[in-house]
Amino acid sequence: MTTNPFANDPTVQSEYFDGRWISKGKRLTTEDVARLQTNLVQQVERINNQRRLSSEAKRIAIARAYRDTRNQIQAAGQAVLDHVTSEHAKLSRKLFGYEGVADPAIVAIRRDAADRAAKLDSPEAAQRALQMAEMNGDQYMAQAIAGQANANMWHDVVASYLDARPEAGEAATQLRNLPDPSDGVWRVQHAMTYSVMPPQELGGLSDYQVDALADTVLDGDAPTAA
């Protein structure tokens with residue numbers, strides 16, 4: 001067995017398959033999220049070591065530190081989701097839609113093809129329709145079927161369409177390697193990746209309660225997250 005090239009990267013899941021190592025994607029904790037979580041633990045420790053603060057002032061400071069960390073992690077997660085969604089839409093449009101301005105006749109043809117493709121209710125039906133469109137040289141219908149298959153995650157149908165179009169190779173490879181933002185499993189994993197557990201000092205408070213606590217100001221005993 002060859003050496004695993006991903007062995008030293010803690011953010012990548014890998015698998016030995018068909019004679020080579022392949023990446024299975026990111027783990028549920030990225031390096032950036034792990035760094036922010038570590039920083040939060042250190043902040044909480046520093047706050048707890050400040051003897052001049054009352055217990056309540058410490059809880060407020062910890063709530064503020066947690067809120068800042070949570071917001072940073074959630075913002076990073078949203079940025080990733082926005083990027084994946086944007087790239088997925090761009091590549092899907094390039095492979096299964098059309099770019100630029102088309103004349104009214106072509107728009108009508110595409111719309112009719114899309115309406116017919118939308119009625120396909122199974123990958124088997126889509127595969128048969130794709131074969132018929134390819135035989136008839138109906139590129140617009142073939143493209144519409146592939147777009148419908150892509151939306152429904154009928155991967156074999158999409159693969160058939162792309163296999164017949166080697167010129168789409170780079171864009172197709174990029175799309176295959178890109179997470180599908182509509183995939184429920186991926187979205188759950190993504191949410192888990194970009195999340196952080198509240199410190200135990202917050203006693204299981206909800207995020208709403210934490211935010212309210214973080215906004216509390218004690219007269220003469222202002223908390224600090226230093």
Quick one: are [X] and [Y] in side-chain contact, heavy atoms under 4.5 Å?
| X | Y | result |
| --- | --- | --- |
| Q43 | N48 | no |
| K58 | E201 | no |
| V196 | L40 | yes |
| Q143 | Y161 | yes |

Under the 3.5 angstrom rule, does the side chain of [X] hit a backbone N or O of [Y] as a donor-acceptor pair?
| X | Y | result |
| --- | --- | --- |
| N49 | E45 | yes |
| D183 | V185 | yes |
| N136 | M132 | yes |
| R187 | P181 | yes |
| T85 | D82 | no |
| Q131 | R128 | no |
| Q37 | S195 | yes |
| S86 | H83 | no |

T216, I47, L213 screened by side-chain contact (heavy atoms from CB on, under 4.5 Å) with R59, the one that passes: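 The residue from T216, I47, L213 that satisfies side-chain contact (heavy atoms from CB on, under 4.5 Å) with R59 turns out to be L213.
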
With a 3.5 Å cut-off and no angle check, do the side chains of Q72 and D68 form a donor-acceptor pair?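 D68 and Q72 do not have a side-chain donor-acceptor pair below 3.5 Å.
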
Do Y66 and D207 have side-chain N/O donor and acceptor atoms under 3.5 Å apart?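 Y66 vs D207: donor-acceptor pair found between side chains.
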
Would you please test D211 and R70 for salt bridge (Lys or Arg N to Asp or Glu O under 4.0 Å) and show each step? CA-CA 11 Å; D211 291 347; R70 180 202 66 201; 3.0 Å; yes

Can you see which heavy atom on [X] is nearest to which on [Y], and at what distance?
| X | Y | answer |
| --- | --- | --- |
| Y194 | I73 | C-CG2, 3.2 Å |
| A126 | I145 | O-CG2, 3.5 Å |
| V44 | P199 | CG2-CG, 3.8 Å |
| A142 | R165 | CB-NH2, 3.9 Å |
| R67 | A214 | CZ-CB, 3.6 Å |
| L130 | S160 | CD2-CB, 4.0 Å |

Just verifying a value: how many Å separate I60 CD1 and S55 OG, rounded to the nearest 0.5 Å?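 I60 CD1 to S55 OG: 11.0 Å, rounded to 0.5 Å.
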
Aromatic rings W186 and H190: how do their planes relate, parallel, tilted or perpendicular, breaks at 30° and 60°?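 Ring orientation, 0 to 90° scale: parallel.
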
Less than 4.0 angstrom from a charged side-chain N to a carboxylate O is my criterion; do K119 and D115 meet it?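 Judged by the 4.0 Å cut-off on N to carboxylate O distance, K119 and D115 do not form a salt bridge.
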
